[in-house]
2 protein chains.
Amino acid sequence: MSPEKVIIAIVDDHPVVIQGLKSMLQNDQFFYIAGTFIDGKGILNFIRSNAVDIILLDITLPDTNGIELCKEIKRKTPHTSVIMISNRSERSIIMQCIQNGASGYLLKNATMNELTASIHGALSGNIVFSEEVKEIISKPSVKELIGFPRLTKREKEILKMVTEGKTSVMIADELFLSPLTIDTHRKNLMHKFGVNNTAELIKIAIQQNMI
Amino acid sequence: MSPEKVIIAIVDDHPVVIQGLKSMLQNDQFFYIAGTFIDGKGILNFIRSNAVDIILLDITLPDTNGIELCKEIKRKTPHTSVIMISNRSERSIIMQCIQNGASGYLLKNATMNELTASIHGALSGNIVFSEEVKEIISKPSVKELIGFPRLTKREKEILKMVTEGKTSVMIADELFLSPLTIDTHRKNLMHKFGVNNTAELIKIAIQQNMI
DNA sequence: TTTTTTCTACCTAATTTTAGGTATTTGATT
DNA sequence: AATCAAATACCTAAAATTAGGTAGAAAAAA
């Protein structure tokens with residue numbers, strides 16, 4: 001491998017997509033595909049001992065979600081650029097990825113030209129979007145203008161359990177915590193979302209894809 | 001092209017997926033890819049003047065949905081086998097496809113082996129599924145067995161207001177009813193859905209698109 | 001190392017929901 | 001006219017949530 005090549009890793013749980021990306025990128029002599037992975041564990045393990053320039057990362061993965069994984073990758077190897085490749089077009093998701101250090105966001109219907117252009121763009125330090133994504137982020141909806149609050153790990157965990165219909169006592173049992181602690185977290189969650197009861201909390205959480 | 005080759009067409013709105021399928025199938029000397037299409041119009045037009053053995057068909061397409069398209073294809077060219085390729089794993093969707101004449105259903109995380117095996121299987125007149133799909137169709141979910149309950153007009157109205165975060169008192173005020181009446185309706189709603197609290201009620205209602 | 005955030009846990013009290021019922025009235029269907 | 005589903009309203013009592021705090025320990029960031 002000549003040193004001037006761009007080292008690329010692909011993370012996607014769909015073999016077809018991996019194959020597609022690989023075959024698209026192999027046409028370009030400047031790209032070298034160092035590895036392909038079907039889950040988060042695989043890529044995290046790989047970057048511990050291998051330098052990678054670009055990671056093409058799917059949002060939905062079997063063992064974790066791409067948004068969290070992106071954060072993790074940027075924390076461990078900040079010099080690696082992450083380009084998200086997803087079929088989710090919700091603005092909130094795109095924004096979260098950028099927040100977590102992603103250098104770009106492409107929908108899966110992106111063309112080959114968009115893909116290669118994005119990689120070159122990301123290498124130059126730009127944040128890159130496919131055409132469709134650009135449109136989505138350019139017009140924030142009224143709802144999203146408020147922005148959704150940033151939740152802690154624990155809060156996300158408890159929010160999920162609340163949407164599953166579990167009571168504070170049940171959650172406390174499951175997490176080996178005091179029910180009073182769960183109540184505090186619920187209180188904080190409602191305060192962050194600006195709502196007054198569980199019903200609104202769940203509705204917003206589902207609408208914002210936070211669960 | 002030698003006549004004994006299997007003539008294949010691919011329909012998917014994601015260039016990456018098309019590329020992936022193509023590159024997977026090109027390794028097999030018995031397969032000939034006659035065309036790739038990103039929408040329903042394209043393939044319908046193509047089969048008017050070209051014989052095709054197998055169509056790999058995505059569920060989600062820009063101009064129509066794969067389920068209807070499958071029906072249309074089978075109506076026009078019954079000798080062509082359609083294999084659905086989708087990332088939707090809902091039992092109801094899979095069943096509809098089979099109903100509409102599909103010869104198989106693969107999830108997008110299917111392996112290359114599953115793909116080629118499915119094509120050969122479909123050519124032999126079998127209906128083929130990837131492993132994961134087999135599991136899904138073998139065990140109907142509890143939810144689907146029960147089916148979702150029939151709600152009365154009033155119940156739907158109150159369910160909607162509950163999901164908006166309104167308390168029984170607020171709803172009662174708005175509808176000029178006793179709060180106790182609202183409680184009864186909520187009780188009946190929960191009973192019909194088989195849940196124990198508002199959280200589960202809302203989650204199910206949203207998931208079933210009842211609100 | 002210092003600072004800040006997050007997680008933990010408690011207090012009191014009011015409000016709301018949930019679980020068992022029962023029962024009358026209204027409106028449609030037979 | 002009789003019947004049945006739907007809508008209304010009530011009873012009691014337990015369980016759960018919500019609102020207003022405070023505060024120490026642990027973890028992460030600066």
Side-chain angles (χ1 to χ4, degrees), chain A residues 67-78 96 99-101 147-206 210-211, chain B residues 147-206 210-211:
Chain A
I67 302 175
E68 284 304 311
L69 185 54
C70 173
K71 198 177 183 178
E72 185 82 3
I73 290 170
K74 292 303 286 187
R75 210 171 50 77
K76 288 195 170 161
T77 57
Q96 262 184 284
Q99 203 85 42
N100 285 359
F148 60 79
R150 170 168 110 275
L151 303 186
T152 68
K153 216 172 167 183
R154 210 35 146 191
E155 283 169 344
K156 278 181 202 162
E157 189 178 19
I158 289 170
L159 176 56
K160 185 158 171 285
M161 296 173 90
V162 169
T163 66
E164 283 163 2
K166 291 170 181 162
T167 67
S168 295
V169 173
M170 290 163 79
I171 297 172
D173 278 354
E174 208 166 310
L175 299 180
F176 304 107
L177 294 173
S178 161
L180 298 166
T181 302
I182 310 301
D183 282 341
T184 300
H185 283 301
R186 295 178 67 147
K187 223 182 308 184
N188 292 336
L189 277 166
M190 287 194 288
H191 188 250
K192 282 189 178 179
F193 279 101
V195 300
N196 305 307
N197 54 45
T198 305
E200 287 180 279
L201 189 63
I202 291 176
K203 203 185 71 168
I204 290 187
I206 290 181
M210 309 208 68
I211 54 133
Chain B
F148 56 81
R150 291 180 308 290
L151 303 187
T152 68
K153 215 171 163 185
R154 207 43 143 185
E155 284 169 344
K156 278 182 204 160
E157 188 178 16
I158 288 170
L159 176 56
K160 186 159 170 283
M161 296 172 88
V162 169
T163 65
E164 283 161 3
K166 292 170 181 162
T167 67
S168 296
V169 173
M170 290 163 78
I171 297 172
D173 279 354
E174 207 169 322
L175 299 180
F176 304 106
L177 294 173
S178 161
L180 298 166
T181 303
I182 311 301
D183 282 340
T184 301
H185 284 301
R186 294 178 68 148
K187 222 182 308 183
N188 292 337
L189 277 165
M190 286 194 288
H191 189 249
K192 282 189 178 179
F193 280 102
V195 300
N196 304 308
N197 53 46
T198 305
E200 287 179 279
L201 189 63
I202 291 176
K203 201 183 74 166
I204 289 186
I206 291 181
M210 307 207 69
I211 55 135

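In what follows, every chain begins at residue 1, and chains take the letters A, B, ... in the order their sequences are listed.
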Exercise. Report the nucleotide, chosen from D:dT17, C:dA9, C:dC7, that has the shortest atom-to-atom distance to any side-chain atom of A:L180.
Key: C:dA9
Quiz item: Mapping A:V195 and B:K153 onto DNA chain D by nearest heavy atom, which one lands closer to the 5' end?
Solution: B:K153
Quiz item: Hey, which of A:T184, A:D183, A:L180 is the one that makes side-chain contact (heavy atoms from CB on, under 4.5 Å) with A:S168?
Solution: A:D183
Exercise. Over all heavy atoms of both residues, which pair between A:G165 and B:N197 is shortest? Give the atoms and the distance, please.
Key: O-ND2, 2.6 Å
Exercise. Check the distance between D:dA13's P and B:D183's CG and give it to me in whole angstrom.
Key: 17 Å
Quiz prompt | Charged N-O contact under 4.0 Å between A:R154 and A:E157 | solution = yes
Quiz prompt | Atom-to-atom span, CG of B:L175 to P of D:dA6 - whole angstrom | solution = 18 Å
Quiz item: Rounded to whole angstroms, how far apart are CZ on B:R154 and P on C:dT25?
Solution: 19 Å
Self-check item: Integer-rounded Å distance: D:dA16 P and A:D173 CG
Solution: 11 Å
Exercise. Look at the side chain of B:M190 and decide which nucleotide, out of C:dA19, C:dT6, C:dT17, has an atom nearest to it.
Key: C:dA19
Quiz item: Is the shortest side-chain N/O distance from B:H185 to OP1 or OP2 of D:dA7 below 4.0 Å?
Solution: no
Exercise. Report yes if a side-chain nitrogen or oxygen of B:T181 is closer than 4.0 Å to either non-bridging phosphate oxygen (OP1 or OP2) of D:dT8; otherwise report no.
Key: no
Quiz item: Taking the nucleotide of DNA chain D with the closest heavy atom to each, which residue, A:R186 or B:F176, is nearer the 5' end?
Solution: B:F176
Quiz prompt | Interatomic distance, B:K187 NZ vs C:dT16 C1' [rounded to whole Å] | solution = 14 Å
Quiz prompt | Salt-bridge criterion met for B:E164 and A:K203 (N-O under 4.0 Å) | solution = no
Practice problem: Using only side-chain N and O atoms of B:T152, determine if any of them is under 4.0 Å from OP1 or OP2 of D:dA7. | Solution: yes
Quiz item: In Å, rounded to the nearest 0.5 Å, how long is the span from CD1 of A:I202 to OG1 of A:T163?
Solution: 6.0 Å
Quiz prompt | B:T167 side chain near C:dT15 phosphate (N/O to OP1/OP2, under 4.0 Å) | solution = no
Self-check item: Atom pair distance, as rounded to whole Å: NE2 in A:H191 and C1' in C:dT5
Solution: 16 Å
Exercise. Would you mind reading off the distance between A:K166 atom NZ and C:dT18 atom C1', rounded to a whole angstrom?
Key: 20 Å
Exercise. Rounded off to whole Å, could you give me the CD1-to-C1' distance for the A:I182 and C:dC10 pair?
Key: 14 Å
Quiz prompt | B:T184 or B:N196, whichever maps to the more 5' nucleotide of DNA chain C | solution = B:N196
